[in-house]
Amino acid sequence: NAAIANNTPPREWTLRNIANMKAQMKRLGFAYDWSREVTTCLPEYYRWNQWFFVKLFEKGMAYRKKSKVNWCPKCCTVLANEQVVNGRCWRHEDTLVEQRELEQWFLRITQYAEELLRDLDKLAEWPEKVRTMQRNWIGRSEGTLVDFKLDGAPDSPESTITVFTTRVDTIYGATSVQLAPQHPLVARLTRNNDALRAQVDQLIAEQRKAKEVGDIGAIEKHGVNTHYFAVNPFNGERIPIWVANYILMDYGTGAIMSVPAHDERDFEFARKYNLKIRIVIVPRSVDPEETSVEPTLPFTTMNGTLVNSGPFSRLDCEEAITKMSAYAEKNGFGKATVTYRLKDWGISRQRYWGTPIPMLYCEKDGIVPVPEKDLPVILPENVDITLTGGSPLSRVPEFVNAICPKCGGPARRETDTMDTFVDSSWYFYRYTDAHNDRAPFDSKTVAYWFPIDQYIGGIEHAILHLIYSRFWTKFMRDMGLVKNDEPVERLFSQGMIIKGGAKMSKSLGNIVSPDEMIARYGADSARMYTLFATSPDRELDWLDEGVEGIRRTLARIYRFVARNAPAETQLAASQQAERATLPATSLQPEARKIQRKLHQTIKRVSDDFKGRWHFNTSIAAIMELVNELYAVEERAAHSPADVVPAQLWFEVQRDLVILLAPFAPHLAFELWEMLGEKGSLLRTPWPKYDPALAKEEEIAIPVQVNGKLRGLILVPVDSSQEAIHERALSAEKIKAAIAGKQVVKVIVVPGKLANIVVR
RNA sequence: GCCCGGGUGGCGAAACUGGCAGACGCACGGGACUUAAAAUCCCGGGGAGAUAAAACUCCGUACCGGUUCGAUUCCGGUCCCGGGCACCA
């Protein structure tokens with residue numbers, strides 16, 4: 001391996017690897033996924049991914065465990081849930097997908113669950129919706145673990161059913177225990193009972209099917225009575241043990257206590273199977289002696305008092321939870337605890353392209369990481385990828401057979417590669433120090449640049465990528481590599497582009513090629529249309545029509561400047577425009593109108609850049625300015641007395657071009673030259689907004705009667721509340737509308753509207 | 001199912017903090033220019049009723065209900081669409 005690492009020039013190897021991937025994909029008839037070039041074919045990413053992995057392993061943050069996967073026996077590979085169609089492989093319609101248990105590598109992201117949750121509060125400049133999604137994804141929940149014993153069995157850990165509940169106060173109302181079908185105890189209980197085993201297998205199949213459809217909650221809730229009993233440690237009651245298809249092994253402990261009276265799901269289940277229902281919480285009553293209030297079931301609120309609960313009766317729910325948890329802990333059958341929905345991150349992939357996991361298995365020394373000097377472990381070349389015969393890497397003896405760095409004996413190399421989310425968790429750090437060959441990056445350089453000021457990505461990354469990269473940052477901080485707690489200060493999540501009712505993506509193959517649009521309309525029109533179609537945080541339903549309007553607007557701007565650009569003799573006036581703005585008072589009405597519109601446009605465009613990035617409204621504002629320019633040009637042709645001074649005329653064009661530049665840069669640069677400008681457009685300061693020049697002199701204020709629009713009054717812009725009040729009541733139309741009625745109240749919002757309430 | 005968004009004219013949308021619903025654009029209709037067409041320029045379009053044409057009246061932001069002088073906006077419920085649900089990345 002060391003030989004491979006040292007003798008292979010990274011760039012050449014990369015290019016060969018990419019060429020190899022393209023050829024293989026073509027041969028197998030798959031769409032070539034270019035995004036994989038970026039991270040999965042670069043040995044330097046392999047090297048540092050592997051370096052990080054070893055650090056994680058050494059800190060106990062990476063571990064192996066068995067986990068269930070979808071397996072296509074024909075492809076001999078793991079399938080993603082979306083690659084399973086009706087229980088069959090997406091490439092082999094006749095092949096049923098199997099469930100297999102594989103040893104896989106996991107990263108202990110759950111160790112950071114609490115901090116990942118807590119620090120969401122620090123991310124003030126992240127969209128609220130993303131923070132909410134992450135909060136729910138981490139899914140912190142406080143509750144109690146309680147041990148139920150299998151009735152009649154000897155006291156041993158194998159006969160203990162630990163349940164997790166957020167409502168231990170309802171435990172006297174537990175009338176059954178429900179286990180996940182994969183629960184270890186279920187295997188034992190069904191060992192000598194084929195009929196029961198078959199029923200449980202049926203439940204597993206239902207669960208799998210639901211997961212495949214992506215609809216865990218949609219399954220009809222089914223259960224099987226094992227006819228075994230568990231003992232409630234609080235009251236010694238024997239209650240039946242059931243196995244249910246809606247209990248998931250990977251959440252909580254894979255076992256729950258069922259309290260039909262006080263949980264909706266349990267209630268539904270108990271009704272279906274005629275299980276006992278016992279009320280142990282009643283609404284908090286004024287008279288503490290009065291306990292006969294029967295709540296409507298299921299009664300799930302915390303605002304209640306315990307009954308039928310032995311020594312805990314008459315306590316309020318909240319207090320009961322604390323006391324009962326403490327009681328369980330004191331007596332050794334439970335304790336208060338916090339669980340998370342967040343699971344550890346499985347990073348093993350049985351694919352060829354990807355960073356090999358740098359681990360060796362030695363018979364004598366066990367699991368041994370590849371020493372740092374031997375990194376990167378890179379992929380062997382010229383591997384024949386077929387759809388049959390198992391993991392490609394495991395069939396390459398030169399790759400698999402290695403030497404144990406500890407004992408020098410033979411070792412087997414790990415053939416799993418890493419999830420590409422690993423690369424994407426830290427790639428942006430590498431950008432600050434891309435040529436470093438001693439470390440993933442230099443800490444000082446990263447300390448200068450990080451955290452990222454502004455990160456932009458699709459909303460579909462709100463959960464996975466953005467949690468993994470936050471986790472990675474926290475791990476690197478604890479290693480002492482970085483100082484920042486969070487990778488990203490400000491996040492912008494753009495909406496997705498939808499075409500034909502689904503997101504546009506490589507895997508769905510419903511992509512609109514920008515090349516085609518650029519060829520037809522030019523890059524400026526194509527770019528500006530995508531910005532104009534909707535605001536970037538919304539999803540956009542893609543339609544090819546509509547680009548025409550943008551092209552037309554750009555042509556209008558071009559023609560306007562071509563007609564009105566300063567001639568040689570006017571350049572002095574044009575340069576004047578750069579320096580000074582004409583005072584509003586010196587202008588004729590038409591000129592003043594243009595000046596006002598210009599400053600209103602500057603404000604609207606500038607605000608969109610500073611604030612919400614709603615560039616569709618910026619472009620609309622520019623269009624309005626252009627329409628106004630055409631109107632003024634037309635009117636000026638008919639009434640020569642109402643002149644627009646040359647200096648203002650040039651100022652407007654100059655500012656228009658600057659405002660246009662971010663949206664249609666090519667055209668803007670062309671127009672900039674046409675205006676006789678010598679300096680660089682890029683270095684020209686953004687136009688200044690002057691509120692005094694943007695101000696309207698008069699505004700029309702709507703007048704409502706009982707909330708219905710009944711007229712408009714024209715008033716000076718800064719009219720007082722009293723003045724508007726008086727004008728509103730004296731307007732002809734309003735007088736007619738309120739004639740014969742009694743005015744109860746008049747609401748005046750200065751600058752907005754007046755509303756007269758009559759009876 | 002759960003979590004997060006969204007639903008406004010024929011269409012893409014706007015309305016930023018509860019204050020004139022539909023800015024801007026597409027498509028469409030009318031006019032000007034032209035031998036003609038294209039391009040361009042100008043004008044008009046939420047719906048229904050009324051009118052020669054207007055003033056005008058009513059309805060209207062998925063649906064049902066609430067709060068408010070006033071709701072596209074806030075609250076409760078329902079329906080539909082999109083994203084995520086841990087191996088698409």
Side-chain angles (χ1 to χ4, degrees), chain A residues 33 35-36 39 69-70 77-83 104 109 127-130 132-137 139 210-211 213-219 246 250 341-351 419-421 423-424 458-465 467-468 493 495-496 498 501-503 505-508 529 532-535 537-543 545-550 552-553 555-556 559 607-608 611-612 614 616-617 619-624 627 630-631 634 700-709 711-712 733 744-747 749 751-758:
Chain A
D33 182 350
S35 71
R36 286 180 169 263
T39 49
V69 292
N70 301 311
T77 189
V78 176
L79 300 179
N81 286 334
E82 72 161 14
Q83 293 169 333
Q104 308 229 66
I109 189 172
E128 191 52 52
K129 63 177 169 183
V130 173
T132 311
M133 278 191 249
Q134 292 209 355
R135 215 168 269 135
N136 294 333
W137 185 255
K211 199 179 170 192
V213 185
D215 207 351
I216 279 284
I219 52 174
Y246 66 96
D250 46 19
R341 214 185 65 96
L342 185 71
K343 293 188 279 189
D344 276 339
W345 174 14
I347 61 154
S348 278
R349 299 289 181 271
Q350 294 71 39
R351 312 277 188 217
D419 181 2
T420 51
F421 272 129
D423 311 81
S424 61
I459 185 68
E460 71 271 27
H461 291 298
I463 300 296
L464 298 179
H465 166 56
I467 285 194
Y468 292 147
S493 290
M496 265 167 302
I498 305 289
K503 75 168 173 176
S505 84
K506 295 190 293 285
S507 63
L508 296 172
Y529 174 64
F532 181 63
T534 191
S535 44
D537 51 350
R538 274 175 72 126
E539 59 189 34
L540 166 65
D541 208 337
W542 187 268
L543 291 167
E545 302 85 13
V547 197
E548 192 56 41
I550 291 290
R552 248 192 311 249
T553 298
R556 267 162 80 83
R559 282 194 303 269
D607 285 355
D608 280 331
R612 305 181 304 162
H614 281 197
N616 53 334
T617 55
I619 294 168
I622 291 172
M623 286 171 167
E624 281 182 48
N627 290 345
Y630 267 68
E634 166 101 354
I701 287 197
V703 180
Q704 301 180 333
V705 175
N706 285 349
K708 287 201 170 167
L709 184 66
L712 291 171
K733 272 188 189 167
V744 180
K745 197 160 137 192
V746 178
I747 292 141
V749 185
K752 292 274 189 198
L753 100 172
N755 188 14
I756 301 163
V757 186
V758 297

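Every chain is numbered from 1, with letters handed out A, B, ... down the list of sequences.
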What integer distance in Å separates [X]:[atom1] from [N]:[atom2]?
{"X": "A:Y529", "N": "B:G12", "atom1": "OH", "atom2": "P", "result": "10 Å"}
{"X": "A:L709", "N": "B:A15", "atom1": "CG", "atom2": "P", "result": "21 Å"}
{"X": "A:N70", "N": "B:C88", "atom1": "CG", "atom2": "C1'", "result": "14 Å"}
{"X": "A:R135", "N": "B:C2", "atom1": "CZ", "atom2": "P", "result": "20 Å"}
{"X": "A:M133", "N": "B:G5", "atom1": "CE", "atom2": "P", "result": "7 Å"}
{"X": "A:Q104", "N": "B:A86", "atom1": "CD", "atom2": "C1'", "result": "12 Å"}
{"X": "A:K752", "N": "B:G70", "atom1": "NZ", "atom2": "P", "result": "19 Å"}
{"X": "A:D608", "N": "B:C24", "atom1": "CG", "atom2": "C1'", "result": "13 Å"}

In whole Å, measure the gap between the [atom1] atoms of [N] and [M] for me.
{"N": "B:G30", "M": "B:A37", "atom1": "P", "answer": "13 Å"}
{"N": "B:C16", "M": "B:A23", "atom1": "P", "answer": "15 Å"}
{"N": "B:A21", "M": "B:U72", "atom1": "P", "answer": "9 Å"}
{"N": "B:G7", "M": "B:G66", "atom1": "P", "answer": "23 Å"}
{"N": "B:G76", "M": "B:C85", "atom1": "P", "answer": "28 Å"}
{"N": "B:A54", "M": "B:G44", "atom1": "C1'", "answer": "15 Å"}
{"N": "B:U8", "M": "B:A62", "atom1": "P", "answer": "7 Å"}
{"N": "B:G83", "M": "B:G31", "atom1": "C1'", "answer": "48 Å"}

Distance check, rounded to the nearest 0.5 Å: [X] atom [atom1] versus [Y] atom [atom2]?
{"X": "A:D419", "Y": "A:R349", "atom1": "CG", "atom2": "CZ", "answer": "3.5 Å"}
{"X": "A:N755", "Y": "A:L709", "atom1": "CG", "atom2": "CG", "answer": "10.0 Å"}
{"X": "A:W345", "Y": "A:L464", "atom1": "CH2", "atom2": "CG", "answer": "9.5 Å"}
{"X": "A:F532", "Y": "A:I622", "atom1": "CZ", "atom2": "CD1", "answer": "10.5 Å"}
{"X": "A:L712", "Y": "A:L753", "atom1": "CG", "atom2": "CG", "answer": "10.5 Å"}
{"X": "A:I619", "Y": "A:D608", "atom1": "CD1", "atom2": "CG", "answer": "9.5 Å"}

Taking pairing as Watson-Crick or G-U wobble with both contacts under 3.5 Å, can you name the mate of [N], or confirm there isn't one?
{"N": "B:C74", "value": "B:G66"}
{"N": "B:G60", "value": "none"}
{"N": "B:G25", "value": "B:C11"}
{"N": "B:G5", "value": "B:C81"}
{"N": "B:A52", "value": "none"}

Report task. Indicate yes or no for a side-chain donor-acceptor contact from A:Q704 to the backbone of A:I756 under 3.5 Å, with no hydrogens or angles considered. Result -> no
Query raised in the report: Just by modelled atom types, is the A:I109 backbone N or O under 3.5 Å from a matching donor or acceptor in the A:D344 side chain?
Result: yes
Report task. Between A:T132 and A:I550, just flag the one whose closest nucleotide in RNA chain B comes earlier from the 5' side. Result -> A:T132
Report summary line: Contacts of A:E548 and A:N706 projected onto RNA chain B by closest heavy atom; the upstream (5') one is A:E548
Please tell me if [X] has a side-chain N or O lying less than 4.0 Å from either OP1 or OP2 of [N].
{"X": "A:R556", "N": "B:C41", "value": "yes"}
{"X": "A:T617", "N": "B:C16", "value": "no"}
{"X": "A:R349", "N": "B:C87", "value": "yes"}
{"X": "A:N136", "N": "B:C4", "value": "yes"}
{"X": "A:N627", "N": "B:C24", "value": "no"}
{"X": "A:K343", "N": "B:C87", "value": "no"}
{"X": "A:R552", "N": "B:C26", "value": "yes"}
{"X": "A:K733", "N": "B:C56", "value": "yes"}
{"X": "A:R538", "N": "B:G7", "value": "yes"}

Among the candidates [options], find the nucleotide nearest to the side-chain atoms of [X].
{"X": "A:R559", "options": "B:A15, B:C4, B:C41", "answer": "B:C41"}
{"X": "A:F421", "options": "B:A14, B:C24, B:A89", "answer": "B:A89"}
{"X": "A:I747", "options": "B:C87, B:A86, B:C69", "answer": "B:C69"}
{"X": "A:R612", "options": "B:C16, B:G25, B:C87", "answer": "B:C16"}
{"X": "A:F532", "options": "B:A14, B:C24, B:G84", "answer": "B:C24"}
{"X": "A:Y630", "options": "B:C87, B:C42, B:A89", "answer": "B:C42"}

What does [X] touch in the nucleic acid at a heavy-atom separation under 4.0 angstrom: a base, only the sugar-phosphate, or nothing?
{"X": "A:T553", "value": "nothing"}
{"X": "A:W137", "value": "base"}
{"X": "A:L342", "value": "base"}
{"X": "A:V757", "value": "sugar-phosphate"}
{"X": "A:Q704", "value": "base"}
{"X": "A:L753", "value": "base"}
{"X": "A:H461", "value": "base"}
{"X": "A:A621", "value": "nothing"}
{"X": "A:A462", "value": "nothing"}
{"X": "A:D607", "value": "nothing"}
{"X": "A:G346", "value": "sugar-phosphate"}

Query - Side-chain H-bond candidate by donor/acceptor type, A:N136 with A:R341, under 3.5 Å - result: no
**Report entry** Minimum heavy-atom distance between A:N627 and A:R556, given as atom pair plus value
**Finding:** OD1-NH2, 3.0 Å
Syn or anti for [N] (syn when the glycosidic angle lies within 90° of 0):
{"N": "B:G46", "result": "anti"}
{"N": "B:G45", "result": "syn"}
{"N": "B:A55", "result": "syn"}

**Report entry** Donor-acceptor pair present, A:N755 side chain and B:C69 base, under 3.5 Å
**Finding:** yes
